Amino acid sequence: MSADDLKKQAAARALELVRPGMRLGLGTGSTAKHFVDLLGARVAQGLEVLCVATSEVTQAQAEALAIPMSTLDETPELDLTVDGADELDRELRLIKGGGAALLREKIVATASRRMVVIADDSKLVETLGRYPLPIEVVPFGLEVTRRAVAAAIAASGAAGELTLRTRPDGSTLVTDGGHYILDAHLGRIEKPEALGTALNLIPGVVEHGLFLGIAACAILASSNGLVVLGTIE
Ligand code: 5RP
């Protein structure tokens, strides 16, 4: 079974958590895209939900499927957010932002009563950090912020290169919020909480991709079936 088939299976299980009338946060990425596709099919059959997207890409996908959409200003409390992850551990600590949507993803997830992660089981790790940690920064004073981020990483006991994320054409990637992303190639993050707290204190850092204490559950699809971490309902 391909990784994409597994992603779809995890998305299908998450769809079973959706009840009529729910206010949903819609994630970003290839796994979340499956969830939005499946949700769109249910909406076409008459399911009533109201959704908030975590990126312009997901917004466009949901609108194309005629899923009723809202904003967090109109709908500041959500029942459930379903989103992918780049990496997670057994304590449901996540790295997100591979799709550059970490800021809106974190705002939407924390506005939700529950966040459920959907992924194939290759995303589960013993120690976070194999996937580069995305750190969203303001363009102004980039070098000052880069140095402060490097110092915070070192103070947390981690080490590794920081790269400015670019697009395939070599231009600097700009997020939906107009920011840049520094990717921290750390290999291992032994103290995610300490690193997350230190990054939050840097003025030029808008948000980082460590989602700590946010996800309630993860649905992981493997060739042997689904594994659920945390409490599914
Ligand atoms: C986007 C994200 C995605 O959830 C993450 O990159 C996982 O993506 P995929 O489902 O394509 O593996 O954080 O910012």
Side-chain angles (χ1 to χ4, degrees), residues 1-15 24-39 51-62 78 80-89 92-112 114-125 128-137 163-168 173-185 189 192 196 199 205-212 214-222 226-227 229:
M1 202 174 290
S2 73
D4 201 53
D5 290 335
L6 296 177
K7 291 175 183 188
K8 194 167 181 179
Q9 283 189 2
R13 177 67 185 91
L15 189 69
L24 300 174
L26 304 179
T28 295
S30 57
T31 319
K33 183 172 184 298
H34 282 306
F35 178 80
V36 176
D37 279 338
L38 294 170
L39 181 69
C51 299
V52 173
T54 55
S55 65
E56 298 297 331
V57 169
T58 299
Q59 178 78 26
Q61 183 198 359
L78 304 175
L80 172 68
T81 285
V82 177
D83 202 349
D86 297 301
E87 202 169 85
L88 75 158
D89 69 11
L92 292 173
R93 299 182 293 192
L94 319 176
I95 287 182
K96 285 185 53 58
L102 63 144
L103 176 59
R104 293 189 188 183
E105 287 173 336
K106 199 177 277 190
I107 293 171
V108 170
T110 56
S112 303
R114 307 188 80 231
M115 177 199 192
V116 170
V117 175
I118 50 175
D120 67 90
D121 70 340
S122 70
K123 305 286 184 72
L124 183 63
V125 296
L128 293 178
R130 186 179 66 191
Y131 194 91
L133 175 66
I135 302 164
E136 187 159 346
V137 299
T163 54
L164 183 64
R165 195 180 298 184
T166 54
R167 295 184 188 281
L173 182 141
V174 179
T175 67
D176 284 346
H179 308 124
Y180 293 164
I181 289 184
L182 291 171
D183 287 305
H185 303 255
I189 303 173
L199 291 173
V205 170
V206 181
E207 196 45 84
H208 55 78
L210 286 166
F211 282 48
L212 308 172
I214 295 176
C217 168
I219 301 169
L220 304 177
S222 77
L226 294 175
V227 174
L229 301 180

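Just so you know, ligand 1 is whichever comes first in the structure, and atom 1 is the first atom listed for that ligand. Bear in mind that the values here come from a model prediction, so they are computed numbers and not experimental data. Numbering starts at 1 and runs along the sequence shown. Note: hydrogens, waters and symmetry copies are ignored here, and every other heavy atom, side chains too, is used.
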Can you tell me which residue and heavy atom of the protein come closest to [atom], and the distance to 0.1 Å?
| atom | answer |
| --- | --- |
| atom 6 (O) of ligand 1 | D86 OD1, 2.5 Å |
| atom 4 (O) of ligand 1 | K96 NZ, 2.8 Å |
| atom 9 (P) of ligand 1 | S30 OG, 3.3 Å |
| atom 2 (C) of ligand 1 | E105 OE2, 3.2 Å |
| atom 3 (C) of ligand 1 | T28 O, 3.2 Å |
| atom 13 (O) of ligand 1 | G97 N, 2.8 Å |
| atom 10 (O) of ligand 1 | T31 OG1, 2.5 Å |

*Given the rule in the side chain to side chain donor-acceptor pair (under 3.5 Å) test, do D120 and S122 qualify, once you have shown the distances and angles that lead to the verdict?*
CA-CA 6 Å; D120 67 90; S122 70; 2.4 Å; yes
*Can G27 be said to touch ligand 1, with heavy atoms closer than 4.0 Å?*
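Contact absent.
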*Can K123 be said to touch ligand 1, with heavy atoms closer than 4.0 Å?*
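Within the 4.0 Å threshold, so yes.
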For [X], the ligand 1 atoms whose distance to one of its heavy atoms is below 4.0 Å:
| X | answer |
| --- | --- |
| G84 | 4 (O) |
| A100 | 14 (O) |
| D83 | 4 (O) |
| G98 | 6 (O), 13 (O), 14 (O) |
| K7 | 12 (O) |

*Where's the contact between A119 and ligand 1, heavy-atom distance under 4.0 Å: side chain, backbone, both or neither?*
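It is neither; nothing of A119 touches ligand 1.
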_Within reach of ligand 1, part of P134 (heavy-atom separation under 4.0 Å)_ =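 Neither; no heavy atom under 4.0 Å.
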*Do K106 and H208 have side-chain heavy atoms sitting under 4.5 Å apart?*
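Result yes, sub-4.5 Å side-chain heavy-atom pair found.
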*Can you find a pair of side-chain heavy atoms, one from L182 and one from L164, that are under 4.5 Å apart?*
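SC-SC contact between L182 and L164 confirmed.
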*Counting distance only, does the side-chain N/O of R165 pair as donor-acceptor with the main-chain N or O of E136 below 3.5 Å?*
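Flag not set: sc R165 to bb E136 has no pair under 3.5 Å.
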_Any N or O of A101 closer than 3.5 Å to N or O of ligand 1_ =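 It does: an N or O of A101 is found under 3.5 Å from an N or O of ligand 1.
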*Please determine if G29 has a nitrogen or oxygen closer than 3.5 Å to a nitrogen or oxygen of ligand 1.*
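No; every N/O pair is 3.5 Å or more apart.
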Closest contact, heavy atoms only, [X] versus [Y]:
| X | Y | value |
| --- | --- | --- |
| G84 | A32 | N-CB, 4.4 Å |
| K7 | S30 | NZ-OG, 2.8 Å |
| D183 | P132 | CB-CB, 4.1 Å |
| S222 | D121 | CB-OD2, 3.0 Å |

*So, are E207 and K96 salt-bridged, with charged N and O less than 4.0 Å apart?*
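The answer is no: the pair does not qualify as a salt bridge.
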*Given L229 and L88, is the side chain to side chain contact (heavy atoms under 4.5 Å, CB included) satisfied, shown in steps?*
CA-CA 10 Å; L229 301 180; L88 75 158; 4.2 Å; yes
*Please list, chain by chain and in numerical order, all residues satisfying salt bridge (Lys or Arg N to Asp or Glu O under 4.0 Å) with K8, sequence neighbours excluded.*
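If we apply the salt bridge (Lys or Arg N to Asp or Glu O under 4.0 Å) test to K8, skipping adjacent residues, there are no hits.
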